[in-house]
Amino acid sequence: VVKEDDRIERAQSGDLAAFNELVVEYQSLVCNLCMRMLGQQQAAEDAAQESFINAWRSIRNYRGDSFRAWLLRIAANLCRDELRRRGRRPSSSLDTALEAGMPDPPDEEPLPEESALNAELRGSLEAALAGLPEEQRTAIVLCDVEGLDYAEIAVAMNTSLGTVKSRIARARRRMREVMLRQPELLPTRFRQGD
Amino acid sequence: MTWFRRSAHPEEDLSAYVDGELGERARRAVETHLASCEACSTLLRELQDAKSLLSELPKLEPRRSLTLGPEHAAERRAAPAPRRMSFTFAPAVALSVLVALLFVDAIDSGGGSSHDQAFNTAGSTAASRAAEEPAAGGGLAPESATKDEANSTLGAADSSTTQDGSDAGGAAAGAAELAPPTQSLESSAPNAAASAEQSPAEDSGAAIPESTPEAAEAPAPMPSVTGGESDDSATDTTAAVPQEPPRTSQPEDANGSSGGLSTLRILEIIAALAFVVSLAAVFLPRIVGREER
């Protein structure tokens, strides 16, 4: 954290190399949020790139406790603008999300835990996620996929803790329903209750 | 424990409990409830499973590095500027200008003569032509004519537009007088053109393609937008009419005879067009899907 504060300070005084160290550290975090919001890798990378450019331009305005929350807020705003610009909301209905086409699985070799999720389950989770209203989706992605705490999510979404809590609860309820509809797809460790 | 009386099965608190985000008191309350509620215990487990499944979704690694190149080194700014604010109010401004003009017109034509009426058709022909030419001004200029708060870039187009408008008006009016054979053609054209101009309000969704959202970002390239926008039928109709009005035919004289009133008409039509175009530019991006790249 000390190292990060130092980088931020240097970046704020105009050191692009220091900023790029922050980019390297956070690019996958930012990219993942954009990916879950926009649904396509190319669009996600473009939005992530633009997020970093915007972050660099306005880094002197950063005053917060959580740099990643500040960064993700820039990215979330960009994604929201992009979705509105598209004029359709992949978030607003499952059908349009499916029409829009979910991303191909990444080419990289899967991480060890990922083998637990078969392609079908993953597809239905991603579709359910894409079918959530935009704000709920942002909240639960920041929480469960990106691992932010509620305070950080409140910063990233520019809202209150109570709103974060209720958005996550509603989104999670929906994800739970999807999960329960396809018990046969769940890894065995999730089926102990059956 | 007040929450407990409010709600027997606190699902929202259960979700926050899964995230370890409850305060001490609420957490204890949930745990007390869980101890005696089988349904909530099951629900808790399912919520935990849902969280754990989501956290196992594959992570996307960008295929390229997103570090910034040296070309960005100089790009610093104090605060991001809002981009579309100036445009959001354009329809309201254009509409109020139109209403004001109509009001002035109504007062003026209180003692209106048949002479004035005769020039209406010529005036609207000219206006529909003028609207095709200086469309950037046609879209937005009138607001700067009366409103000081209007955007300065738009204001720049104003004087030249009004100039163009009255010139073209004069030229067309002259054409109507000096070239009788084309007059019938011309006087039928404006009706078609005028009715076509009314319609974009309803069918603009179909008539205006992707070009409009760009107009929202950059007012300058509007001419092409408006040209395509005032509907195909309008363009076709006017295309049948000789494209270039004979500008050599004493525009000053024609200007003098048609007087200030036709200029007023032109301004009215420009304001009406500005209203339709700016309304479309503001709202269409929200209605019509825009394909990027």
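Residue numbering restarts at 1 for every chain, and letters A, B, ... go by the order of the sequence lines.
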Novice: Determine whether the side chains of B/R64 and A/Q27 contain a donor N or O and an acceptor N or O closer than 3.5 Å.
Specialist: no

Novice: Looking at chain B, which one of A/V23, A/I168, A/N20 has the largest number of heavy-atom pairs inside 4.5 Å, strictly under?
Specialist: A/N20

Novice: A/S166: what forms a side-chain contact (heavy atoms from CB on, under 4.5 Å) with it, not counting sequence neighbours?
Specialist: A/R170, B/E12

Novice: With respect to chain B, which residue among A/I140, A/V24, A/L180, A/V141 yields the maximal number of heavy-atom pairs within a distance under 4.5 Å?
Specialist: A/L180

Novice: Under the side chain to side chain donor-acceptor pair (under 3.5 Å) rule, collect the residues that match up with A/S160, sequence neighbours excluded.
Specialist: A/T163

Novice: If you tally heavy-atom pairs under 4.5 Å against chain B, which of A/M175, A/E21, A/E146, A/R173 wins?
Specialist: A/R173

Novice: Please classify the contact of A/C143 with chain B as side chain, backbone, both or neither, using a heavy-atom distance under 4.5 Å.
Specialist: both

Novice: Quick one about A/Q41 and A/E45 (side-chain donor to acceptor, distance below 3.5 Å, no hydrogens or angles considered), yes or no?
Specialist: yes

